[in-house]
Amino acid sequence: MAIVGIDEISYGVEDLAAGERFFRDWGLKPLADEGARKVFETLNGGRVVLAPIDDPALPPAIEPGSTLREVVWDVVEAADLEALRARIQDEPGFVAAPGWIGCTDPNGLAVRFQVTRKRPVAVEGARMNIWGHADRIDRPSPIYERAEPIEVGH
C-alpha cells in the first residue's frame with residue numbers, strides 16, 4: 001500500500017474573504033469558485049478548499065474558530081484504497097463513497113483517502129550556496145513576485 005501524500009485539505013473559516021486573500025497571496029491558483037466555497041490548487045494539483053465555518057458539508061471542527069476540517073491523503077492506485085479499506089473499516093467514523101474512504105482520527109479530525117489526482121511537475125530549484133557546496137558563485141539570487149507552492153505538505 002502506498003500513501004503518497006496529501007491530495008486535499010479543507011478549512012472551515014470565519015472570514016472567507018481573508019482566507020481567500022491569504023491563499024492567493026501565498027501563491028495558490030484559484031481553481032473553482034463555488035459561491036461560498038473556494039478551491040485553490042498547487043502546481044502539482046494538490047487542493048486547498050475554503051468553506052464557511054458553518055458549511056454543513058464540512059466534517060465537525062476539532063477546535064473553535066477557523067480551522068482545518070479534513071485531510072485527504074492520496075494513494076497510488078485503487079488496490080491501495082481497497083487495502084486501506086480493510087484496515088480502517090472498523091475505525092470510528094468510517095465512511096465510504098465512490099472513489100474514497102475515510103474515518104476519524106483520535107483527535108476527531110476527518111481523514112480521507114483517494115487515488116491521487118496530482119500530476120507530475122518539472123521544477124528546477126534555484127541554485128544556492130550551502131555548507132560545503134558553493135553552487136551559485138558570482139550570480140545573483142533569483143527574485144520572484146510570489147511563491148508558487150508545488151504541493152500541499154504537512
Side-chain angles (χ1 to χ4, degrees), residues 1-126 128 142-154:
M1 164 178 39
I3 297 174
V4 181
I6 297 173
D7 218 49
E8 180 176 298
I9 54 176
S10 295
Y11 292 95
V13 297
E14 294 171 316
D15 186 338
L16 197 60
E20 183 176 9
R21 191 170 48 255
F22 173 84
F23 284 112
R24 283 179 186 265
D25 288 348
W26 189 40
L28 292 182
K29 294 187 178 11
L31 181 65
D33 187 335
E34 301 167 354
R37 292 175 72 94
K38 311 294 181 192
V39 182
F40 297 89
E41 186 177 63
T42 63
L43 288 177
N44 74 347
R47 293 182 181 178
V48 174
V49 178
L50 295 179
I53 200 166
D54 58 355
D55 185 330
L58 286 173
I62 59 173
E63 61 187 357
S66 298
T67 191
L68 180 66
R69 300 289 279 273
E70 180 179 63
V71 177
V72 180
W73 294 90
D74 54 353
V75 297
V76 175
E77 58 190 14
D80 297 321
L81 202 56
E82 288 310 307
L84 273 168
R85 177 188 300 270
R87 293 184 67 185
I88 70 168
Q89 63 190 0
D90 296 326
E91 295 298 324
F94 178 76
V95 290
W100 64 268
I101 59 172
C103 61
T104 304
D105 80 2
N107 296 311
L109 181 66
V111 179
R112 309 288 185 248
F113 300 92
Q114 67 186 23
V115 174
T116 188
R117 286 189 288 237
K118 292 187 219 169
R119 56 189 174 267
V121 292
V123 176
E124 185 177 326
M128 297 189 163
I143 297 173
Y144 305 99
E145 182 179 334
R146 73 171 27 125
E148 290 184 86
I150 297 169
E151 73 177 306
V152 176
H154 59 58

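Excluded from the calculations below are hydrogen atoms, water molecules and symmetry mates; all remaining heavy atoms, backbone and side chain alike, are included.
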Can you name the nearest heavy-atom pair linking V75 to L81, along with the distance?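 Looks like CG2-N, 4.0 Å.
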Closest non-hydrogen atom pair, A57 against R37: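 So the two residues come closest at CB-NH1, 4.1 Å.
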Would you list the atom pairs, donor with acceptor, under 3.5 Å between side chains in residues 43-54 and any protein atom, with sequence neighbours excluded?
from : atom 1 : to  : atom 2 : distance (Å)
N44  : OD1    : T42 : OG1    : 2.8
N44  : OD1    : G46 : N      : 3.1

Passing candidate, side-chain contact (heavy atoms from CB on, under 4.5 Å) with K38, options L28, L31, D33, V13: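 That would be D33.
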Decide salt bridge (Lys or Arg N to Asp or Glu O under 4.0 Å) for E41 and R117; before the verdict, give the C-alpha distance in whole Å, the side-chain angles of both, and the deciding distance to 0.1 Å. CA-CA 11 Å; E41 186 177 63; R117 286 189 288 237; over 6 Å; no
What donor-acceptor contacts under 3.5 angstrom involve side-chain atoms of residues 106-114, with partners at least two apart or in another chain?
from : atom 1 : to   : atom 2 : distance (Å)
R112 : NE     : E70  : OE2    : 3.0
R112 : NH1    : C103 : O      : 3.4
Q114 : NE2    : D7   : OD2    : 2.7

Qualifying residues under side chain to side chain contact (heavy atoms under 4.5 Å, CB included), relative to D90, sequence neighbours excluded: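 Partners of D90 under the side chain to side chain contact (heavy atoms under 4.5 Å, CB included) test: none.
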Working to the nearest 0.5 Å, report the span between [atom1] of [X] and [atom2] of [Y].
X    : Y    : atom1 : atom2 : answer
I88  : I101 : CD1   : CD1   : 4.0 Å
W100 : R85  : CH2   : CZ    : 10.5 Å
I9   : R69  : CD1   : CZ    : 13.5 Å
E91  : L84  : CD    : CG    : 11.5 Å

Heavy atoms, side chains only, cut-off 4.5 Å: are S10 and L58 in contact?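 Answer yes - side chains close enough.
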Close side-chain approach of L68 to Y11, heavy-atom, < 4.5 Å: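 Of all side-chain heavy-atom pairs linking Y11 with L68, at least one is under 4.5 Å.
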Considering residues at least two apart in sequence or located in another chain, which fulfil the salt bridge (charged side-chain N to carboxylate O under 4.0 Å, His left out) criterion with E77?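 Salt bridge (charged side-chain N to carboxylate O under 4.0 Å, His left out) list for E77, sorted by chain: empty.
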Go through the structure and list residues passing side chain to side chain donor-acceptor pair (under 3.5 Å) with Q89, not counting sequence neighbours.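 So Q89 forms no side chain to side chain donor-acceptor pair (under 3.5 Å) with any residue.
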Side chain to side chain donor-acceptor pair (under 3.5 Å) against E63, all qualifying residues, sequence neighbours excluded: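 Side chain to side chain donor-acceptor pair (under 3.5 Å) check on E63 returns T67.
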